[in-house]
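Here the structure comes first, spelled out in C-alpha cells, and everything after it is commentary.
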Amino acid sequence: MRVLFVASEATPFAKTGGLADVAGALPGALARLGCEVTVVMPAYEEVFARQNLADTGIAFEVPLGALAIPARISAGSLPAAAGSPQPRWLFVGNDGFFGRPSLYGGAHAYGDNAERFIFFSRATMELAARLGEPFDIIHCHDWQTGLIPAYQKLMPTHWSAVAGARTVFTIHNMAYQGSFPGAAMPLTGLDWRYFNWQQMEAYGQLNLLKTGIVFADAVTTVSPTYAREIQASPGGCGLEGALASRGQALSGIVNGIDTDVWNPQTDTSLPRTYSAHDADAGKYAARAALAGRLGHAAPDARPLVAFVGRLAEQKGVGLVLELLHRLAGSGRAHFVVLGTGDRHTEDALKHVASLYPGTIDLLLGFDEELAHLVQAAADMLLVPSLYEPCGLTQLYALAYGTIPIVRATGGLVDTVVDANPDTLRDGTASGFVFTDFDADSLEWAVGRALAAHADGALWSGLVRRGMGQDWSWEASAKDYLRLYQRTRHAAS
Ligand code: ADP
C-alpha cells in the first residue's frame, strides 16, 4: 500500500496541536505495518530551525490566481530504530509563505492563510504527480489540505499520475474550518460552479474543511463518538448537514499515544519507573517527588485528584473551579491543577487555591515533565470536557494507573468505561463517567470515585485494568490500514 500523507504540521518538526502528534506518529506506525509512506508538509522556518533539510532538486511553479509561485521540495528524516521501516519526509518550501515565526499566525491568523494553504495543497498535487509513484491512498488532514480531495476528483487529467489514488480526509477538530471570503475561490483554480452549498461554499464563504468532507472518498475523525456527534448540532459547528450526507463514508478512529514518551516503565521524568506489578510503589515515589516540587514536607495521605490541560472552556475548567469551591473544604482529597489559560481563569483558580492552602496546588505554566510527574502521582484525573474529539490526557492517565473521571463526550466515551456494578463484574470498568455538563454531575462522579478509592481491592483492579490496555499507535494504525483497504476495494 503506497500512502501519501499530507498534513500542515507534524511532531517533532512543527506543532500547534494534536494534529501534529497524529502526523508525527501515525506514518511511522503505518510503515511498520508494511505501508510505503511519503509525508508532505510545509517547510516552515521552525522546521529548518530543528533540522538541516536536504534539497531534493525538485522545484516547480504553482499557479495561484494570476500568479505563479515557486515551490522547492526538501527532504528530512526522523531518527529510527535500526531496521525499522521509515516514512519518507518531504517539505514544500516557499520562503514568502512559510518562512515566518508561527505556523498560522497564532491568535491573529495571517491574512494570507487562504493563499498559503491553497498553494500548499496544489503544490502537493504537483509534487505527487512528479514523483510518478502509483499512490493508492492520499490521506489529508484538516482544512489546510481540504482542497486536495477536490483537486484529485475534479482535475484528473491535470495530475494523471495520481488519478487512480483514493482520498481519505481526517478531521481533528470541527471548530477550525478554513473559512475565507468567496473572493479566494479563483485562487484555487477550480471553476466557480463548485462554489455552492453542496460543495465548497458554506454560509457565503469558501470553506476548505467542507471541501475535504464533500470530495474525499472516505472521511474520518478521531473517535467513533465524535464521528456521530459532528453529524448534528452543535457538534458539527454548522457543517452537520454536509457531514450527515457523508454519513456512510464517515468513521472514527481513536488516536494512539506515543508509548516511547508516555510509558511509566521507561519514563525518565519519574523518580522511579513502574509497571502494573509495582504501581503502588512507583506512584508513591512520584507523589513524594511532586510534594517536593510543591514545597510540602511529605506527600499528602488523601487521594490526589489532578487536572492537566488547557484552562479553556472546552476543557470544562469552569466545572473544575466550581468543584474546588464545593469539595476542597471537605478535606476528602488533595487537588493539583497543571495548566495555562487566560488571566481571568488563572486568577479565579488562584483565588480558590488561596482559600484552601495545602489542599489545592496550582501549577500554572506549560511543563511537559511536570505533566508526566502529575499523571504518575495522581490517583484520579479530571477530564470534564464540553467536547473532546479524542483527548489524550485520559489515555495517559490509564497508562499511568490514574483513574480518569470524564464527561461522556467524543473520544472520552470511546476510551473510558464507567465503573458500575455490571462493568465491575465483567472487568471492563476503567474510570468514572458523567453525562451532564454541570458541576453537580462532576461532583457526583468524583464522589463515586472517592468512595471506590476507599475500597483497596476494587481500586487496584481498576488501576491494573487501565494499565493493561493497549492505546499504542500500532492498534490505531491497523484500523487506518483496514480503512485504506476498504476504500480501495470500494473503488475497484
Ligand atoms: P488538546 O489537544 O485539545 O489540548 P489533548 O488531551 O488531546 O487536548 O492533548 C493535550 C496535550 O497537552 C496532552 O499531551 C497534555 O499532557 C498536554 N498539556 C496540556 N496542558 C499542559 C501543561 N500546562 N503542561 C504540560 N502539558 C500540557
Side-chain angles (χ1 to χ4, degrees), residues 7-12 14-26 103-104 106 141-142 170-176 221-223 225-226 229 235 237 252-264 267 269-270 286 290 293-294 306-317 320 335-343 345-346 349-350 361-378 381-400 402 404-407 409-416 431 471 473 476:
S8 58
E9 52 184 270
T11 309
K15 168 169 176 172
T16 67
L19 163 62
D21 292 327
V22 176
L26 178 56
L103 269 57
Y104 316 122
H141 299 263
D142 279 353
T170 297
I171 302 161
H172 296 260
N173 191 334
M174 284 305 301
Y176 304 97
T221 186
V222 289
S223 68
T225 298
Y226 194 59
E229 289 171 349
C237 298
I253 297 176
V254 169
N255 288 337
I257 62 176
D258 186 340
T259 46
D260 288 338
V261 180
W262 287 95
N263 180 351
D267 194 328
S269 309
L270 306 185
L290 181 63
R293 289 286 292 263
L294 295 169
F307 174 92
V308 177
R310 291 184 285 119
L311 302 175
E313 158 83 4
Q314 183 210 329
K315 298 292 174 184
V317 67
V320 173
F335 296 90
V336 171
V337 175
L338 168 62
T340 49
D342 59 44
R343 223 189 65 204
T345 309
E346 292 193 356
L349 282 164
K350 280 184 198 158
D361 280 299
L362 280 190
L363 294 160
L364 297 177
F366 193 95
D367 186 328
E368 293 260 1
E369 205 171 320
L370 257 181
H372 286 242
L373 189 60
V374 171
Q375 284 278 11
L381 183 82
L382 303 174
V383 197
S385 304
L386 178 60
Y387 72 94
E388 196 63 78
C390 177
L392 288 174
T393 56
Q394 82 281 10
L395 300 180
Y396 301 151
L398 289 166
Y400 280 64
T402 300
I405 301 172
V406 307
R407 178 160 174 265
T409 183
L412 301 173
V413 175
D414 300 317
T415 53
V416 180
W471 295 109
W473 270 109
S476 305

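As the structure lists them, so they are numbered: ligands from 1, and atoms in each ligand from 1.
The presence of a protein heavy atom under 4.0 Å from atom 15 (C) of ligand 1 is confirmed. Per-atom contact check: atom 10 (C) of ligand 1 does not touch the protein, criterion being a heavy-atom distance below 4.0 Å.
If you number the atoms of ligand 1 from 1 as listed, the ones under 4.0 Å from a heavy atom of Gly309 come out as 19 (C), 20 (N). Atom numbering of ligand 1 starts at 1 in the shown order; those under 4.0 Å from a heavy atom of Gly339 are 23 (N). Counting atoms of ligand 1 from 1 in the listed order, those under 4.0 Å from a heavy atom of Ala371 are 25 (C), 26 (N). Atoms of ligand 1 lying under 4.0 Å from any heavy atom of Gly365, numbered from 1 in the order shown and given with element: 22 (C), 23 (N), 24 (N).
For atom 22 (C) of ligand 1, the nearest non-hydrogen atom of the protein is Phe366 CD1, 3.5 Å. Atom 13 (C) of ligand 1 has Tyr396 CE1, 3.8 Å as its closest protein atom, hydrogens excluded (heavy atom only). In this structure, atom 2 (O) of ligand 1 lies nearest to the protein heavy atom Gly18 N, 4.3 Å. Of all protein heavy atoms, the one closest to atom 7 (O) of ligand 1 is Leu392 N, 3.5 Å.
At least one donor-acceptor pair under 3.5 Å links the side chain of Thr11 to the backbone N or O of Ala20. The backbone N or O of His172 sits less than 3.5 Å from a side-chain atom of Asp142, completing a donor-acceptor pair. For the pair Gln375 (side chain) and Thr402 (backbone), a donor-acceptor distance under 3.5 Å is absent. When atom types are taken as modelled, the side chain of Asn173 and the backbone of Tyr176 share no donor-acceptor pair closer than 3.5 angstrom. The closest donor-acceptor contact from the side chain of Ser223 to the backbone of Pro389 lies under 3.5 Å.
Residue pairs meeting the salt bridge (charged side-chain N to carboxylate O under 4.0 Å, His left out) criterion with at least one member in residues 382-399, sequence neighbours excluded: Lys315-Glu388.
In terms of the side-chain hydrogen bond (donor to acceptor under 3.5 Å, both in side chains) criterion, residue partners of Ser8 (sequence neighbours excluded) are, by chain and number, Tyr104.
At a 3.5 angstrom cut-off on N or O pairs, Arg310 counts as close to ligand 1. An N or O contact shorter than 3.5 Å links Asp367 to ligand 1 by distance. The shortest N or O to N or O distance between Gly391 and ligand 1 is not under 3.5 Å.
At least one side-chain heavy atom of Thr340 sits under 4.5 Å from a side-chain heavy atom of Glu346. Under the 4.5 Å side-chain criterion, counting only non-hydrogen atoms from C-beta, Ile257 is in contact with Leu392.
What you find for Ala7 and Ala23 is that their closest heavy atoms are CB-CB, 3.8 Å.
Contact annotation for Thr393 and ligand 1: heavy atoms of both the backbone and the side chain come within less than 4.0 Å of the ligand.
Using 4.0 Å as the threshold, Lys315 has a heavy atom nearer than that to some atom of ligand 1. Every heavy atom of Ala312 sits 4.0 Å or more from the atoms of ligand 1.
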